[in-house]
2 protein chains.
Amino acid sequence: MMKALVNKKTTKQASETEISVNHQKLIDATIETIAKRGLADTTIAHVAKRAKVSQGYANFRFKSKDNLLISSLQYLSDEYKKSWQKIFEENNIDPIDRIIRIVQNDFSSKIANRNKISVWIAFYSEVKFRPSYLTICQRQDEIYSQQMEKLVNEINNITNQKEFTPKEVSETYHSMVDGLWQRILFDPKIYTHEFCKNLVLKYFKSIYVNEDRFA
Amino acid sequence: MMKALVNKKTTKQASETEISVNHQKLIDATIETIAKRGLADTTIAHVAKRAKVSQGYANFRFKSKDNLLISSLQYLSDEYKKSWQKIFEENNIDPIDRIIRIVQNDFSSKIANRNKISVWIAFYSEVKFRPSYLTICQRQDEIYSQQMEKLVNEINNITNQKEFTPKEVSETYHSMVDGLWQRILFDPKIYTHEFCKNLVLKYFKSIYVNEDRFA
DNA sequence: ATAAAAATTGAATGATTATTCAATACAAAA
DNA sequence: TTTTGTATTGAATAATCATTCAATTTTTAT
């Protein structure tokens with residue numbers, strides 16, 4: 001009725017931006033709704049209300065609920081990827097400092113908060129039944145692992161560590177992160193960001209015995 | 001119509017057993033249905049069909065779908081608990097052998113198969129919104145952790161390992177298991193039971209450097 | 001300012017599903 | 001066998017929800 005006035009721009013380009021604004025509003029609302037109510041209780045009506053558009057529009061805009069969910073997972077995945085991609089690419093920084101930054105990122109409040117984690121796990125839980133969810137998650141994992149192994153390899157060389165392969169260290173770290181994220185959901189009082197970070201740093205300490213930065 | 005004849009016994013006690021047979025049939029069918037179709041797609045109708053009882057009966061027997069789901073999670077939790085409880089209690093066995101058995105159990109095909117894991121994760125994903133799910137999962141975790149720390153403490157004493165506390169080792173192991181279970185869902189080709197077991201044994205090797213049984 | 005096009009609404013539709021319950025089948029007791 | 005109580009059925013109910021679409025509002029072009 002008048003709502004639309006608020007954000008509208010006048011040029012054609014602005015109008016195209018406008019399209020993405022609604023697009024993004026709906027994706028944000030989807031993620032928030034899943035975080036607040038769970039995937040099972042996330043309806044188009046709830047999402048539309050939160051995004052402040054009509055129910056019909058939400059469906060029209062994304063063609064289907066399924067498509068909206070997939071787009072939201074993709075967004076979440078991209079957001080996470082951007083956060084670590086940046087760190088892996090900082091070649092001027094010492095590898096050990098770089099891996100510590102990766103750990104800090106993985107347990108930052110932007111990434112490892114209960115809302116985001118509950119959304120991740122909601123999608124994980126459907127991975128076996130929705131090939132499109134699986135594809136998005138797998139693609140993410142693959143690149144992360146690849147970069148992680150490269151980084152661990154550098155550290156192995158620097159520290160002259162030969163007992164544990166880059167793949168082993170990378171897989172262990174990765175599974176620890178997934179496991180700890182899950183536990184943050186269960187009991188965020190115990191599994192604080194500090195607790196989790198210290199735990200994985202201790203793991204690195206067990207591998208790179210002489211490296212004090214992991215202590 | 002005649003179905004019921006098949007399993008019926010004649011004495012009163014047998015009749016009570018009969019009650020549990022249907023009870024268990026429904027719980028099994030629930031777990032199988034979640035594994036096959038996902039929690040979101042699990043309806044009373046599907047479960048009833050798989051258990052070979054009428055839809056009305058399934059609901060009547062458990063009072064509500066919610067109650068059926070909770071009972072199924074409880075069953076899954078008890079089953080898992082029995083499998084590790086036994087091992088923790090084998091005090092005559094060397095602690096290191098005992099922890100290796102724990103690892104073997106956690107990645108046995110009875111425990112760590114894709115069906116069971118997908119059911120676990122389905123429930124995990126709702127933990128934030130269903131206090132009863134959370135309670136069941138937390139109670140399980142608490143006892144497991146407690147026993148694990150006790151066991152690690154023994155091993156620390158035997159090996160004279162002082163750098164890593166029982167709590168740290170236990171938490172690291174536990175999070176690795178959760179993380180690896182998740183990854184088995186993603187890619188069971190890569191994350192075979194052997195792969196997972198070797199990975200956690202390698203972790204123990206990093207802690208207990210001189211102990212060859214972890215190699 | 002007006003017309004045409006595009007965006008957005010909201011109410012209607014049809015499908016799905018948990019739950020209820022009267023009717024039936026069955027078992028136990030007499 | 002007959003009666004009584006319990007177990008089980010299956011069809012009806014009511015609620016929820018994704019999806020559709022004709023009508024309306026807003027934007028753009030003339």
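In what follows, chains carry the letters A, B, and so on, assigned in the order in which the sequence lines appear, proteins first and then strands, with residues in each chain numbered from 1. Just so it is clear, the structure is predicted and the values come from calculations on it, not from any experiment.
Looking only at distances, a side-chain donor or acceptor of B:N113 sits under 3.5 Å from a matching main-chain atom of B:K110. Within the 3.5 Å criterion, the main-chain N or O of A:L185 finds a donor-acceptor partner in the side chain of A:R114.
Using cut-offs of 30° and 60° for the angle between ring planes, the B:Y203 and A:Y203 rings count as tilted. Using cut-offs of 30° and 60° on the angle between ring planes, the pair A:Y124 and B:F186 is perpendicular.
The B:I44 side chain lies nearest to C:dA18 when the options are D:dT8, D:dT19, C:dA18. Proximity note for A:N59 (side chain, C-beta onward) versus D:dT19, D:dG10, C:dG10: the nearest is D:dT19. The nucleotide whose nearest atom lies closest to any side-chain atom of A:Y57 is, among D:dT19, C:dA18, C:dT8, C:dT8.
Of the residues in residues 63-74 of chain B, those with a non-hydrogen atom less than 4.0 angstrom from any atom of DNA chain C are B:S64, B:K65.
Atom-to-atom, CZ of B:F60 to C1' of D:dG10 comes out at 15 Å; the value is rounded to the nearest Å. Atom P of nucleotide D:dC17 and atom NZ of A:K49 are separated by 13 Å, given to the nearest angstrom. In this structure, CZ of A:F62 is placed 18 Å from C1' of D:dT20, rounded to the nearest angstrom. Between the P atom of C:dT17 and the NE2 atom of B:H46 lies a distance of 6 Å, rounded to the nearest Å. Distance A:N22 CG to C:dA6 P: 17 Å, rounded to the nearest Å. The separation between A:R61 atom CZ and C:dT9 atom P is 13 Å, rounded to whole Å.
Ionic pairing of B:K197 and B:D106 is not present here: no N-O contact between side-chain nitrogen and carboxylate oxygen is shorter than 4.0 angstrom.
At most 12 non-hydrogen atoms from other residues, nucleotides or ligands lie less than 6.0 angstrom from CZ of B:F60.
Between A:G56 and A:D41, the one whose closest nucleotide on DNA chain D sits nearer the 5' end is A:D41.
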